[in-house]
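Here the structure comes first, spelled out in structure tokens, and everything after it is commentary.
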Protein chains: 2
Amino acid sequence: MESTFAIIAEPNRRSILSLLAASECSVGELETQLRMPQSSVSKHLRVLREAGFVEARVEAQRRVYRLRPEPLMEVDEWLTPFRRFWTAHVDALERHLDRMDKTPETPTKGKKR
Amino acid sequence: MESTFAIIAEPNRRSILSLLAASECSVGELETQLRMPQSSVSKHLRVLREAGFVEARVEAQRRVYRLRPEPLMEVDEWLTPFRRFWTAHVDALERHLDRMDKTPETPTKGKKR
DNA sequence: GCTTCATATGCCCGTCAAGTCATATACAAG
DNA sequence: CTTGTATATGACTTGACGGGCATATGAAGC
């Protein structure tokens, strides 16, 4: 239902994902490590599963969950246009290019595109 | 109030951020480009501002908003532990390492920790 | 069969956030 | 000072989501 971003807005879900990034876990293991009621864990897992963040494999009565990368890749890609703002060395340059849009000003350094 | 992730869970806010990634904008410009009521834009900007995603500079009656990178950097950093899942070449290796944690080769036999 | 363990699901409730509309503030121009 | 423009804010409504609890499903073992 909700977007990838809404899914990871939930702190407990991010915790689950972090645990699964370390290794696969059963519901019970997550329940223990996160110290939260089992029903909550299951519900969050359902959301994560339906959004493609995790997948479950049945092992006897246990369901072992593992991470699936696609949705988080999507987030990573969304960040792309913003990275220029913190990739240090080009930072000043980019800000300048951005400002060019509004003010044709030349501080300290004569710069052209 | 809410975490960085909750802020960018809102689609309109992500749109605002994307626009600001391209260049600074006044509220009115955002209003036009996003085709949403001005009050909504202002409210989202307030949320973004208080969370450090944007900052405003006063220019006559206009407020020109610009992006601030810190919160998105935080998201970028949160992704770090997950990147190994999609950085292709090491992928198979990592999955193997992950699985090592659980089962060398023991089917149908559940084990306690 | 019944019982136990592991997980999923349904229901109810409180909370919180977003949208809408109206109004307030601030500045500029006449 | 009045009017118009630009933005912020307040009140209110609505709907979604998470937590808690009870219950259902299902597989394993007796």
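Both backbone and side-chain heavy atoms feed into the values below; hydrogens, waters and symmetry mates do not. Residue numbers begin at 1 in each chain, while the letters A, B, ... track the order of the sequences.
- A close approach under 4.0 Å does occur between a side-chain nitrogen or oxygen of B:Tyr65 and OP1 or OP2 of D:dA8.
- Here D:dT9 presents its C1' atom at 12 Å from CZ of B:Arg63, a figure rounded to the nearest Å.
- Between the side chain of A:Ser15 and the backbone N or O of A:Pro11 there is at least one donor-acceptor pair closer than 3.5 Å.
- If you take CD of A:Glu10 and C1' of D:dA16, they are 13 Å apart, rounded to a whole angstrom.
- Look at CZ on A:Arg57: it is 17 Å from C1' on D:dA27, rounded to the nearest Å.
- A sub-4.0 Å separation between OP1 or OP2 of C:dA17 and a side-chain N or O of B:His44 is absent.
- The nearest whole Å value for the distance from the CD atom in B:Glu31 to the P atom in D:dA8 is 11 Å.
- When the side-chain nitrogen and oxygen atoms of B:Arg46 are compared with OP1 and OP2 of D:dT7, none of them lie within a distance under 4.0 Å.
- Between the side chain of A:Arg14 and the main chain of A:Ile8, a donor-acceptor pair closer than 3.5 Å is present.
- Take the nearest nucleotide of DNA chain D for B:Leu45 and for A:Ala6: the residue whose nucleotide is more 5' is B:Leu45.
- B:Leu30 is not listed as a side-chain neighbour of B:Gln33, based on a closest heavy-atom distance of 4.5 Å or more.
- In this structure, the CZ atom of A:Arg14 is 12 Å from the P atom of D:dG18, given to the nearest Å.
- The base of D:dT7 does not come close enough to the side chain of B:Lys43 for any donor and acceptor atom to sit less than 3.5 Å apart.
- Separating the CZ atom of A:Arg13 from the P atom of D:dG19 is a distance of 9 Å, rounded to the nearest angstrom.
- Per the geometry, CZ belonging to B:Arg49 stands 12 Å off P belonging to D:dT7, to the nearest Å.
- Using a 4.5 Å heavy-atom threshold, the side chains of A:Val41 and A:Met36 count as touching.
- Taking the six-membered ring for Trp, A:Phe82 and A:Trp86 have ring centres at least 6.0 Å apart.
- Rounded to an integer number of Å, the gap from CZ of A:Arg62 to C1' of C:dT4 is 13 Å.
- Listed nucleotides D:dC21, C:dA8, D:dT7 differ in distance to B:Ser42; the shortest reach to its side chain belongs to D:dT7.
- DNA chain D is contacted by both A:Gln38 and A:Gln61; A:Gln38 maps to the nucleotide lying nearer its 5′ end (nearest heavy atom per residue).
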